Amino acid sequence: MVSPNDRPGQDDAARLLQSVAQESEQMVKTSGNPRGLLTSVVAVSAVVFTLIQAYPPQAYWLTLLYLPIILWYVLAQRGRAKPRTLINSPSLLTGAYAGYFFLCVLLINCLRFWDATRMEEVLAKILVTFISGMFLVTKMQTAYNKARIEDGNDQAN
C-alpha cells in the first residue's frame with residue numbers, strides 16, 4: 001500500500017508551486033522601479049534635508065536635484081505595465097509597510113534636532129541619514145512587494 005507521503009506526483013507539485021512562487025517574486029521585482037532610482041531618491045533626500053537645515057538660504061537650489069530623478073522615473077515607467085493598486089489591501093496599510101513609513105517620518109523628525117554646523121558634522125549627518133533612510137525604505141519596498149504577491153495570489157483564487 002502506498003503511503004500519503006510517497007505519492008508519485010507530490011514532488012512534481014511541490015516543484016511547480018516553488019516555481020510559481022519564484023516567478024511571481026521575479027515578476028514583482030521586474031515590474032517595480034529600478035533599484036538605482038530608489039537609492040538615488042534616498043541619497044538626494046539625505047543631502048537636501050541635511051544641507052537645507054545647515055545652510056538654509058544657500059541650499060534651496062538643491063531641490064532641483066529631484067528633476068533628473070523625476071525624469072528617470074518617467075522614462076523608466078513608460079514601457080512598463082501599470083501595477084495594480086493596493087487600496088483594498090488592509091494588510092499593507094496596517095502591517096510592516098505602515099510601521100516602516102512611521103519610523104521613516106520619526107527618523108526625519110529626530111534628525112532635525114541634530115544641528116550640524118561644521119563640515120564633519122554635516123557629512124556625518126548625511127551619512128547617517130542615508131544609511132538609516134535606505135534601511136527603512138528597503139524594508140518598506142520589501143513589505144510592498146510582499147503585499148503585491150499576496151494580493152495577486154488572492155486575486156487568482
Side-chain angles (χ1 to χ4, degrees), residues 18-157:
Q18 185 179 11
S19 171
V20 167
Q22 289 173 349
E23 290 292 325
S24 65
E25 288 177 15
Q26 185 65 25
M27 182 192 63
V28 166
K29 286 180 183 177
T30 57
S31 68
N33 296 324
R35 179 82 172 164
L37 180 69
L38 184 65
T39 305
S40 300
V41 168
V42 174
V44 168
S45 297
V47 170
V48 167
F49 290 155
T50 301
L51 291 182
I52 282 182
Q53 187 180 6
Y55 310 109
Q58 297 92 358
Y60 286 121
W61 61 268
L62 284 174
T63 56
L64 294 175
L65 290 174
Y66 286 109
L67 292 178
I69 294 175
I70 292 169
L71 182 66
W72 182 9
Y73 175 76
V74 168
L75 292 176
Q77 291 300 320
R78 260 188 7 192
R80 295 180 183 214
K82 184 178 176 185
R84 271 191 327 269
T85 58
L86 295 175
I87 295 296
N88 297 329
S89 179
S91 64
L92 179 67
L93 299 175
T94 60
Y97 184 86
Y100 288 120
F101 178 77
F102 175 72
L103 285 176
C104 218
V105 171
L106 188 64
L107 170 74
I108 291 170
N109 285 325
C110 288
L111 285 172
R112 292 185 55 83
F113 289 116
W114 182 1
D115 288 330
T117 53
R118 295 184 309 158
M119 184 56 77
E120 299 84 21
E121 292 174 345
V122 169
L123 292 175
K125 186 175 179 181
I126 290 172
L127 188 65
V128 167
T129 305
F130 174 74
I131 290 172
S132 53
M134 195 66 203
F135 172 76
L136 291 173
V137 169
T138 302
K139 291 292 190 176
M140 285 172 58
Q141 185 67 39
T142 303
Y144 178 73
N145 289 345
K146 185 178 176 184
R148 282 185 62 196
I149 290 171
E150 289 174 1
D151 187 58
N153 290 340
D154 289 345
Q155 294 288 332
N157 292 333

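Predicted model, so just to flag it, every value in this text is computed and none were measured.
When every heavy atom of V42 is checked against every heavy atom of M134, the shortest pair comes out as CG1-N, 3.7 Å. The nearest pair of heavy atoms linking C104 to V137 is SG-CG2, 4.4 Å. In terms of heavy-atom proximity, A46 sits nearest to F130 at CB-N, 3.8 Å. A143 and A96 make their closest contact through CB-CB, 4.0 Å (heavy atoms, listed as atom of the first residue, atom of the second, distance). The two atoms that bring A116 and K125 nearest to each other are CB-CD, 4.2 Å, heavy atoms only. Among all heavy-atom pairs drawn from Y73 and L37, the shortest one is CD1-CD2, 3.6 Å.
A distance of 12.0 Å separates CG in L51 from OG1 in T63, rounded to the nearest 0.5 Å. Note that CZ of R78 and CG of L75 are 5.5 Å apart. Values are rounded to the nearest 0.5 Å. Rounded to the nearest 0.5 angstrom, Q53 CD and T117 OG1 are separated by 11.0 Å. In this structure, CZ in F49 is found 9.0 Å from CZ in R112, a value given to the nearest 0.5 Å. A distance of 8.0 Å separates CD of Q141 from OH of Y97, quoted to the nearest 0.5 Å. The distance from atom CG of L62 to atom OG of S45, rounded to the nearest 0.5 Å, is 11.5 Å.
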Evaluate side chain to side chain contact (heavy atoms under 4.5 Å, CB included) for Y55 paired with V122, printing each intermediate quantity in order. CA-CA 10 Å; Y55 310 109; V122 169; 4.1 Å; yes
Given L111 and L107, is the side chain to side chain contact (heavy atoms under 4.5 Å, CB included) satisfied, shown in steps? CA-CA 6 Å; L111 285 172; L107 170 74; 3.8 Å; yes
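Using cut-offs of 30° and 60° for the angle between ring planes, the Y100 and F135 rings count as perpendicular.
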